[in-house]
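Take a look at the structure below.
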Amino acid sequence: MTNKELADLLLPNVDSDLSKYEEKYPERNLKEGAIVTRFAPSPTGFVHMGSLFQSFISRKVANDTEGIFFLRVEDTDQKRLVENSVKGIVLDLKNFNIEIDEGMLSEEEEKGAYGPYMQSLRKDIYQSYVKYLIEQGKAYPCFCTAEEIEDTRLLQEKKKQRIGYYGRFAKCRKLTPDQIKEKVEKGEPYIIRFKSYGDFERRIKVNDLIKGNLEVPENDLDIVILKSDGLPTYHFAHLVDDHLMRTTHVIRGDEWLSSLPLHIQLFESMGYKPPKYAHISPIMKEENGVKRKLSKRKDPEAAVSYYHEKGIPVEAVKLYLMTLANTNFEQWYDCNKDKSLEDFTFDFKKMSSSGGLFDVEKLFNISRNYISRLKASEVYEGTVNWAKDYDSEFYEILKSHKDYATSVFNIEREQKKPRKDYGCYSEIKEQTWYMFKELFDKEEKDYAFQTISDKEEIKNILTAYMEKYYNENDTKEEWFDHMKDLAHEFGYAKEVKEYKENPDNYKGHIGDISLVLRIVLTTKSMTPDLYDIMHILGKDTILERYQNWIKEN
RNA sequence: GGCCCGUUGGUGAAGUGGUUCAACACACAUGCCUUUCACGCAUGCAUUCAUGGGUUCAAAUCCCGUACGGGUCACCA
C-alpha cells in the first residue's frame, strides 16, 4: 500500500491538494518590513493581564511597521469552551482601545480575507494538510490507547529515560501498511502523529527576538497533530494557520519556548519559512516574599476588568505596560511628555528576558501623573464614563452639574505643576464629595479638628469671619489679607515665620485659623487651596455650612 | 528526573571586560518651601551585582560548578 492509499484510507473525504489554499491566502501585499502579528486566545474566559500585555505589544509592533494585527480564536479544545467568551475577549480588547485589523468580532462575526479566524471552522483546511503529510510519509496513524501511553511513561520514568512518544517508544510508527489497514478495518480508533525526523543528540540553534540565540536539542517527539475529534492540536494549527495567515511574528508566552524546536521542524517539514518568534516572560506577582505568576484566580489585578472598574485611564495602563515592555520607554517618555505612545517605537531587544513584577503601586503613580496632565473637561468625561457603570448616584450628580463639576476638577489644574490628587476615577468621589451639596448634606460628618478644637473658640472665629472678613468678591490676595486680619484678631500670628520666631507671643499661626475654616467647610484637614474651594462653593453654601455648624454645636 | 531559561537595591530596571559601571523611575526617610495637603526642591537609601571557583593587568559583564526561582515533557492551549 502506498502512502497515497494509506492517506485515502485514513481521511477518505479529504482533499489533499494544498495549492488552492496557497492561492486563496497569498503573501500579503504590505510595505517592506511590515510585521503581521496576532492574538490567539482560547475562548476559555476573559482576558488576563498577561494576554493583554501580549496583544498590546503585538498591536504596537504592527502599528509601528504599518503591518497587520489579527485576532484568531483557538477553540480546538471543545471541552474547555466557555460560552460567550469571544464576546468577552473582544470587549476587553475594545476597552483598552486595542483594535484588530482582522479576525473575530463576536461569537459568529469576523472580518478579513484570511479567515475563518475561528479554528473550529478550519477543520477542512487542517485535514487537507494532515492528509498531505501522510501522503508524504511524514505523518502516520497511532492506535495506542491512553493506558498504553501511560504505561510507557511509567516505564520511561522507572528507567530514568526521557518521557514521550519517540524513537523505539513510538510503537505505531513501525506498523506496516497491512497492519494499519487491518486495524482501521476492525474499527480501532486512532489519531494522527507527526513522524519526526529529529535527533535528540543533535543540537540546533534557534533565535528568539527577546531571549536571543538558544541552543537546544532537536525535536524527536512524534507529537499528535490530529485528535480523535478531527481537530488539530495547537502545534499543528499553529503551523497551518500562521503560514496561511502569513503571520510574520509570533508573540506569545514563554511557556511555548520549549516547543520551539518542534514548531521549527514542523515548518521545515512543509518547506515553509517559519515566522520570527518572540517569547514573553510571564508577569509576576510577589506575595509573602515569593514570586509567582500573576494568577487570574488569586489576583484581582490580573483580570483586565479590574482596571475598568477602578477607573484607571486606558492610556495610563498602556503607559505602564509599555514601561514593562521596553525598559527605555520610561526615560523616553520623561523627556517627551508632550508625545504619546504612538511616537515611541517598540524594540524587541529592549525587552527584559526575565519576568517582571507587576507593580500596582507604580501603575497608580503613572495613572496619577497622567490624570494630572489632563484637562478638567477630560477628567470630567473620564469620571462620568466611569460613574455611569459603577456609581449611579455620582453619575446623576455629575450629569446635572457639568460645569460646576468641571470647575471642581479644575482646581489647581491646567498649570505647569498641576495637583496630583487622583490616582484613578474611582477615587475622585471620595476626594471631592464635600464640593457637592447633595453629597455633603447627606453625609454623616466627622470634623477633623486639630490645634484648635475648642468649640467656643471655633464658633467665635467663624462668626467673626462671616461678619467682618468674608467677602465673596475678594481676589485671592485680598482674601488672604483678611485671613491674616482674622488671625491677628484672635491672637494668632499672621505669618508662620513670625510664630516660629516667637511662639510664646501667639496662640498659634494663620495656618491654624485657616484650618478651622477649611475643616468646617469640608470636614477635612487636607484639601486643595481653600480660596479656590470657597470661590467655587459660593457665598450661600459657605455661610450655610458655617451657620449650620454653629447651630449644631 | 530530562531539557531550556533566569538571578543587579523594597520594586521596575540601565549597564555585556576598563574612560564615575552601579544610571533613571517608583516606593521609603529626613529637611526646605507652603494657609493644610498635594506639587516642587534638596539630601539619604546596593562598597556591590544569587553563590563558590577560574580566565585576565582588569569582570556585574567571559568560562565552569552550586543554590534558588520559572517553564516544559497531554488527543490543553
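To find a chain, count down the sequence lines: A is the first, B the second, and so on, and within it residues start at 1.
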* Residues Glu74(A), Arg72(A): salt bridge by 4.0 Å N-O rule -> yes
* Does atom CD of Glu215(A) have more than 12 heavy-atom neighbours, drawn from other residues, nucleotides or ligands, at distances under 6.0 Å? -> yes
* **Side-chain N or O of Lys350(A) closer than 4.0 Å to phosphate OP1/OP2 of A14(B)** => no
* Determine: side-chain N/O of Lys227(A) to OP1/OP2 of A77(B), distance under 4.0 Å, yes or no. => yes
* Asked: For Arg162(A) and U72(B), what is the distance between atoms CZ and C1' respectively, to the nearest whole Å?
  -> 13 Å
* Asked: How would you label the contact of Lys79(A) with the nucleic acid (heavy atoms, under 4.0 Å): base, sugar-phosphate, or nothing?
  -> sugar-phosphate
* Determine the interatomic distance between P on G10(B) and the same-named atom on C5(B); round to the nearest Å. => 28 Å
* Can you tell me the pairing partner of U56(B) across any strand shown, Watson-Crick or G-U wobble, with both distances under 3.5 angstrom? => none
* Pairwise C1' distance, A60(B) and U47(B) [rounded to whole Å] -> 14 Å
* **Span that lies between the P atom of A59(B) and that of A22(B), in whole angstrom** => 14 Å
* **Selection from C4(B), A77(B), C5(B) that lies nearest to any side-chain heavy atom of Pro217(A)** => C4(B)
* Return no unless some side-chain N or O of Arg203(A) is found under 4.0 Å from OP1 or OP2 of C4(B). => yes
* Could you tell me the separation between the CG atom of Asn219(A) and the C1' atom of C4(B), rounded to a whole number of Å? => 14 Å
* Asked: If you measure from the C1' atom in C63(B) to the same atom in A74(B), how many Å do you get, rounded?
  -> 38 Å
* **For atom CG of Leu214(A) and atom P of G71(B), their distance in whole Å** => 18 Å
* Structure fact -> Regarding the side chain of Val496(A), the nearest nucleotide among C5(B), U35(B), G2(B) is U35(B)
* With sugar-phosphate meaning primed atoms plus P, OP1 and OP2, does Arg518(A) contact a base, only sugar-phosphate, or nothing at under 4.0 Å between heavy atoms? -> base
* Asked: Across all strands, who's sitting opposite G1(B) as a Watson-Crick or G-U wobble pair, both distances under 3.5 Å?
  -> C73(B)
* Structure fact -> Whichever of Phe200(A) and Tyr531(A) has the more 5' nearest nucleotide on RNA chain B, that residue is Phe200(A)
* Asked: Which is true for Gly511(A) with a 4.0 Å heavy-atom rule: it touches a base, it touches only sugar-phosphate, or it touches nothing?
  -> sugar-phosphate
* **Sugar-phosphate, base or nothing in reach of Lys362(A), heavy atoms under 4.0 Å** => base
* Heavy atoms, side chains only, cut-off 4.5 Å: are Phe236(A) and Ile223(A) in contact? -> no
* Asked: Within the pair Asn365(A) and A27(B), is there a side-chain N or O less than 4.0 Å away from OP1 or OP2?
  -> yes
* Mate of C28(B) where both pairing distances stay under 3.5 Å, Watson-Crick or G-U -> G44(B)
* Are side-chain N/O atoms of Gln54(A) and Ser51(A) paired as donor and acceptor at under 3.5 Å? -> no
* **Nearest-Å distance once atom P is located in both C24(B) and U7(B)** => 22 Å
* Among A38(B), U72(B), U35(B), which is the nearest nucleotide to the side chain of Arg419(A)? -> A38(B)
* Asked: Where the side chain of Leu530(A) is concerned, which of C75(B), G12(B), U35(B) is the nearest nucleotide?
  -> U35(B)
* Asked: Taking the side chain of Asp529(A) as heavy atoms from C-beta outward, which of G1(B), U35(B), G12(B) is closest to it?
  -> U35(B)
* From the options A74(B), G71(B), A25(B), select the nucleotide whose nearest atom is closest to the side chain of Ile163(A). => A74(B)
* Asked: For Thr527(A) and Leu221(A), take the nucleotide of RNA chain B holding the closest heavy atom to each; which residue's nucleotide lies nearer the 5' end?
  -> Thr527(A)
* So what does Ser42(A) hit on the nucleic acid, given a heavy-atom distance under 4.0 Å: a base, only sugar-phosphate, or nothing? -> sugar-phosphate
* **Interatomic distance where OH belongs to Tyr499(A) and P belongs to U34(B) [whole Å]** => 17 Å
* Considering every strand shown, what is the Watson-Crick or G-U wobble mate of U7(B) when both distances are under 3.5 Å? -> A67(B)
* **Nearest-Å distance for atom pair CE/P, residues Met483(A) and U35(B)** => 10 Å
* Side chain of Asp77(A) only, please: which of U35(B), A77(B), C37(B) is the nearest? => A77(B)
* Tell me yes or no: between the side chains of Ser196(A) and Asp220(A), is some donor less than 3.5 Å from an acceptor? => no
* Asked: Taking side chain as C-beta onward, heavy atoms only, is Thr383(A) less than 4.5 Å from Phe409(A)?
  -> yes
* **base_contact_polar (C73(B) base, Arg153(A) side chain, donor-acceptor, <3.5 Å)** => no
* Asked: Distance only, no hydrogens: is a donor on one side chain within 3.5 Å (strictly under) of an acceptor on the other, for Arg80(A) and Thr44(A)?
  -> no
* Assigned partner base of U34(B), Watson-Crick or wobble definition, under 3.5 Å -> none
* Just checking Gln331(A): base, sugar-phosphate only, or nothing, at a heavy-atom cut-off of under 4.0 Å? -> base
* To do: Using both distances under 3.5 Å as the test, list the Watson-Crick or G-U wobble partner of A13(B), or none.
  => none
* For atom C1', what is the distance between A42(B) and G54(B), given to the nearest Å? -> 46 Å
* To do: Classify the nucleic acid contact of Asp229(A) as base, sugar-phosphate or nothing, counting any heavy atom under 4.0 Å across all strands shown.
  => nothing
* What integer distance in Å separates Phe364(A):CZ from G12(B):C1'? -> 17 Å
* To do: Describe the nucleic acid contact of Ile513(A) in one word from base, sugar-phosphate, nothing, applying a heavy-atom distance below 4.0 Å.
  => nothing
* Asked: Expressed as a whole number of Å, how far does the P atom of G71(B) sit from that of A25(B)?
  -> 33 Å
* Please work out if Phe480(A) contacts a base, only the sugar-phosphate, or nothing of the nucleic acid, heavy-atom cut-off 4.0 Å. => base
* Got Thr233(A) and Leu226(A) here, is their nearest side-chain heavy-atom distance under 4.5 Å? -> no
* Asked: Looking just at side-chain N and O atoms, do Thr323(A) and Lys362(A) make a donor-acceptor pair shorter than 3.5 Å?
  -> no
* To do: For A46(B) and C57(B), measure between their C1' atoms and round to the nearest Å.
  => 27 Å
* To do: Would you confirm whether Glu414(A), through its side chain, and Ala376(A), through its main-chain N or O, come within 3.5 Å as a donor-acceptor pair?
  => yes
* For Pro528(A), which contact category applies under a 4.0 Å heavy-atom criterion: base, sugar-phosphate, or nothing? -> base
* Asked: Are any of Thr76(A)'s side-chain N or O atoms less than 4.0 Å away from OP1 or OP2 of A77(B)?
  -> yes
* Euclidean distance, atom CD of residue Glu414(A) to atom C1' of A38(B) [Å, nearest integer] -> 18 Å
* Asked: Rounded to whole angstroms, how far apart are CD1 on Ile371(A) and C1' on C39(B)?
  -> 16 Å
